[in-house]
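The structure appears right after this line, and notes come after that.
Proteins get letters first, then strands, A, B, ... in listed order; numbering begins at 1 in each.
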Protein chains: 2
Amino acid sequence: MAKRKSKTAKHEPSSATRQRRRAEIIDAAAHIFARRGFHGASTQDIADVLGVRQASLYYYFPSKEVALEMVCARGVEGFVEAAISVTETPGTAAQKTAGLIQSHLNPLRDRRDYVNVFLNERRHLPTESRRRIGRHSRAVEKIFQDVLRAGVEDGEFRADLDTRLAALAILGMVNAVAAWYDKERGAPVERIAQEFAALVLDGIRKKSSRR
Amino acid sequence: MAKRKSKTAKHEPSSATRQRRRAEIIDAAAHIFARRGFHGASTQDIADVLGVRQASLYYYFPSKEVALEMVCARGVEGFVEAAISVTETPGTAAQKTAGLIQSHLNPLRDRRDYVNVFLNERRHLPTESRRRIGRHSRAVEKIFQDVLRAGVEDGEFRADLDTRLAALAILGMVNAVAAWYDKERGAPVERIAQEFAALVLDGIRKKSSRR
DNA sequence: TAGTTTATCTATAGTACTATAGAAAAATCC
DNA sequence: GGATTTTTCTATAGTACTATAGATAAACTA
């Protein structure tokens with residue numbers, strides 16, 4: 001009679017269908033949060049997207065903040081996975097740098113709402129989850145920085161390079177794409193990645209006019 | 001007896017002291033908006049900073065949205081003025097590019113709250129003022145792009161440079177500084193500007209290892 | 001198909017926020 | 001110092017939003 005799956009929950013199964021529905025709701029939340037911002041979005045807005053009543057969302061989530069956390073998590077995970085995938089493939093530091101730029105732009109195209117919410121709304125997370133997300137974020141920064149440092153150490157990159165500043169510069173550059181990227185009409189991410197990699201590796205100056 | 005300075009206002013002078021008080025309030029608003037975001041901030045929060053009652057703010061501003069507009073305006077103006085000042089000084093395209101980077105970082109240090117609100121909250125402005133702010137923003141982009149194009153045309157920069165993408169890349173890079181810059185403990189903006197300019201002009205790759 | 005579980009609905013308590021009205025106080029003017 | 005103007009205050013109307021409680025409906029199980 002008494003089942004003992006979870007200690008406290010009264011009636012909250014965790015079937016596959018339930019997980020699927022949760023994902024749909026997170027998706028709607030990502031959409032709304034990306035457009036109106038966390039505090040500017042109401043749970044009613046999210047419910048409207050799904051065609052259900054506002055209160056129904058609370059069958060799946062304990063609070064709006066938890067929904068934000070899940071959106072941010074999926075956003076940052078995209079970046080983490082992209083960066084890790086590059087570290088796992090062999091190549092020169094220059095190739096890896098170009099790879100990091102390219103890979104970072106993929107989630108930006110494929111999970112745009114999630115990524116934008118992560119970038120713009122994570123600061124509105126409650127302290128604890130903000131820290132957790134922040135750790136992932138810093139892990140990405142570290143991967144960028146490590147690639148640059150390796151490049152300096154093996155003489156491929158300039159010896160005087162400040163790898164921390166350079167990593168932040170590159171990340172700022174690629175993250176900014178989220179603000180203006182247009183899937184329909186703009187250049188494809190491959191194009192952007194190529195241009196950015198060229199800029200980062202060799203700069204905009206013509207070789208012949210170098211001092 | 002009847003004074004005719006403004007047609008509709010009942011009792012709203014525009015003396016210098018009033019303007020000074022307005023500026024104080026905008027400053028408090030910038031501070032709060034930067035920290036909590038526009039929708040996450042309440043007019044009560046702003047009043048608390050100033051040590052006055054929430055309703056007193058409405059003697060100076062007709063709405064919270066108008067306060068946001070003034071903060072954003074002052075933020076973007078900093079960038080516009082910085083960029084214009086560079087176009088007015090002579091120099092090579094490379095020098096101007098470095099100048100744009102340096103100048104752009106100044107308001108970021110001196111008007112940090114305003115700049116951050118402009119960057120992160122302008123999308124919550126009502127349509128009309130968002131357009132107005134957007135025009136200023138695009139004017140800055142145009143200045144960056146024009147400098148790059150001039151550099152390409154006189155052979156100083158690579159002929160295959162996509163000046164639009166490069167301009168957006170550079171702006172993304174410098175704007176991102178607003179998110180992590182630490183006045184107290186981090187590197188001074190001059191240092192950052194130098195490192196960024198080097199990256200943009202000549203890249204991170206060591207010259208000898210160029211193909 | 002009766003019983004049980006899962007999902008959504010209605011209704012609302014409780015809270016918070018913007019903006020307005022009008023009184024009071026402070027500053028300024030003559 | 002009395003009148004006038006400027007500034008801030010108290011009080012609140014009106015609205016919106018999160019989250020909970022409990023009632024139904026739909027889906028599943030035996």
Side-chain angles (χ1 to χ4, degrees), chain A residues 1-6 8-26 28-29 32-33 35-71 121 124-126, chain B residues 1-6 8-26 28-29 32-33 35-71 121 124-126:
Chain A
M1 17 184 76
K3 63 173 175 203
R4 60 221 112 81
K5 265 193 175 170
S6 72
T8 50
K10 272 165 294 199
H11 45 59
E12 288 194 2
S14 58
S15 61
T17 45
R18 182 178 170 83
Q19 287 310 105
R20 231 174 292 132
R21 187 62 169 148
R22 268 174 84 94
E24 282 175 15
I25 292 172
I26 291 295
I32 294 297
F33 290 162
R35 270 148 197 78
R36 310 198 198 235
F38 176 66
H39 288 297
S42 71
T43 52
Q44 181 65 65
D45 294 333
I46 300 169
D48 288 347
V49 172
L50 297 159
V52 298
R53 296 284 158 155
Q54 177 262 345
S56 303
L57 302 177
Y58 286 83
Y59 180 62
Y60 295 95
F61 293 100
S63 73
K64 194 182 155 191
E65 275 179 351
V66 167
L68 175 63
E69 185 181 347
M70 305 203 67
V71 174
E121 309 299 326
H124 300 302
L125 282 169
Chain B
M1 17 187 78
K3 64 177 174 197
R4 61 221 112 81
K5 266 192 174 170
S6 73
T8 50
K10 271 162 292 196
H11 46 60
E12 288 193 5
S14 57
S15 62
T17 45
R18 182 178 170 83
Q19 285 311 106
R20 232 174 292 132
R21 187 64 170 147
R22 269 175 84 95
E24 282 175 16
I25 293 171
I26 291 295
I32 294 297
F33 290 163
R35 270 148 197 78
R36 311 197 196 232
F38 176 66
H39 288 296
S42 71
T43 53
Q44 182 64 65
D45 294 333
I46 299 169
D48 288 347
V49 172
L50 298 159
V52 298
R53 297 285 159 155
Q54 176 263 347
S56 302
L57 302 176
Y58 286 82
Y59 179 63
Y60 295 94
F61 294 100
S63 72
K64 196 182 156 191
E65 274 179 351
V66 167
L68 175 63
E69 185 180 348
M70 305 203 68
V71 174
E121 309 298 326
H124 301 302
L125 282 169

- [ ] Any chance you could measure B:F33, atom CZ, to B:K64, atom NZ, to the nearest 0.5 Å?
- [x]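 Between atom CZ of B:F33 and atom NZ of B:K64 there are 6.0 Å.
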
- [ ] Can you measure from OH (A:Y58) to CZ (A:R53) and round to the nearest 0.5 angstrom?
- [x]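 With rounding to 0.5 Å, OH (A:Y58) is 16.0 Å from CZ (A:R53).
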
Any [X] side-chain N or O less than 4.0 Å from OP1/OP2 of [N]:
| X | N | answer |
| --- | --- | --- |
| B:S56 | D:dC9 | yes |
| B:Y59 | D:dT8 | no |
| B:R21 | D:dT6 | no |
| B:Y60 | D:dT8 | yes |
| A:R18 | C:dT6 | no |

- [ ] Flag the pair A:I25 / A:V52 as yes when at least one side-chain heavy-atom distance between them is below 4.5 Å, and no otherwise.
- [x]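 When only atoms from C-beta onward are counted, A:V52 and A:I25 do not touch, as no gap falls below 4.5 Å.
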
Task: Parallel, tilted or perpendicular, as decided by the 30° and 60° cut-offs, for the rings of A:H124 and A:H39 - done: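 Perpendicular.
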
Atom-pair distance ([atom1] on [X]; [atom2] on [N]), nearest Å:
| X | N | atom1 | atom2 | result |
| --- | --- | --- | --- | --- |
| B:I46 | D:dT8 | CD1 | P | 15 Å |
| B:F33 | C:dC17 | CZ | C1' | 13 Å |
| A:Q54 | C:dA7 | CD | C1' | 16 Å |
| A:K64 | D:dA16 | NZ | P | 15 Å |
| A:F38 | D:dC17 | CZ | P | 13 Å |
| A:Q44 | C:dC9 | CD | P | 11 Å |
| A:H39 | C:dT18 | NE2 | P | 12 Å |
| A:F61 | C:dT8 | CZ | P | 12 Å |

Open item on the list: Judged by each residue's nearest nucleotide on DNA chain D, which is more toward the 5′ side, A:P62 or A:G40?
Closed with: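 Per heavy-atom nearest nucleotide, the more 5' residue is A:G40.
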
- [ ] Take A:E65 and B:V52, find for each the nucleotide of DNA chain D with the closest heavy atom, and name the residue whose nucleotide sits nearer the 5' end.
- [x]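 That would be B:V52.
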
Task: Per A:Y58 side chain, nearest of listed nucleotides D:dA19, D:dC9, C:dT20 - done: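 The nucleotide sitting nearest to the side chain is D:dA19.
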
Open item on the list: Please pick, from D:dT7, D:dT18, C:dT10, the nucleotide with the shortest atom-to-atom distance to any side-chain atom of B:S15.
Closed with: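 So the side chain of B:S15 is nearest to D:dT7.
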
Open item on the list: Counting only heavy atoms not in B:R36 (residues, nucleotides, ligands), do more than 12 fall under 6.0 Å from its CZ?
Closed with: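 No - once you tally the heavy atoms of other residues, nucleotides and ligands closer than 6.0 Å, there are 12 at most.
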
Task: Touch class at under 4.0 angstrom, heavy-atom based, for A:A41 against every strand present - done: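 Here A:A41 touches the backbone only, sparing every base.
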
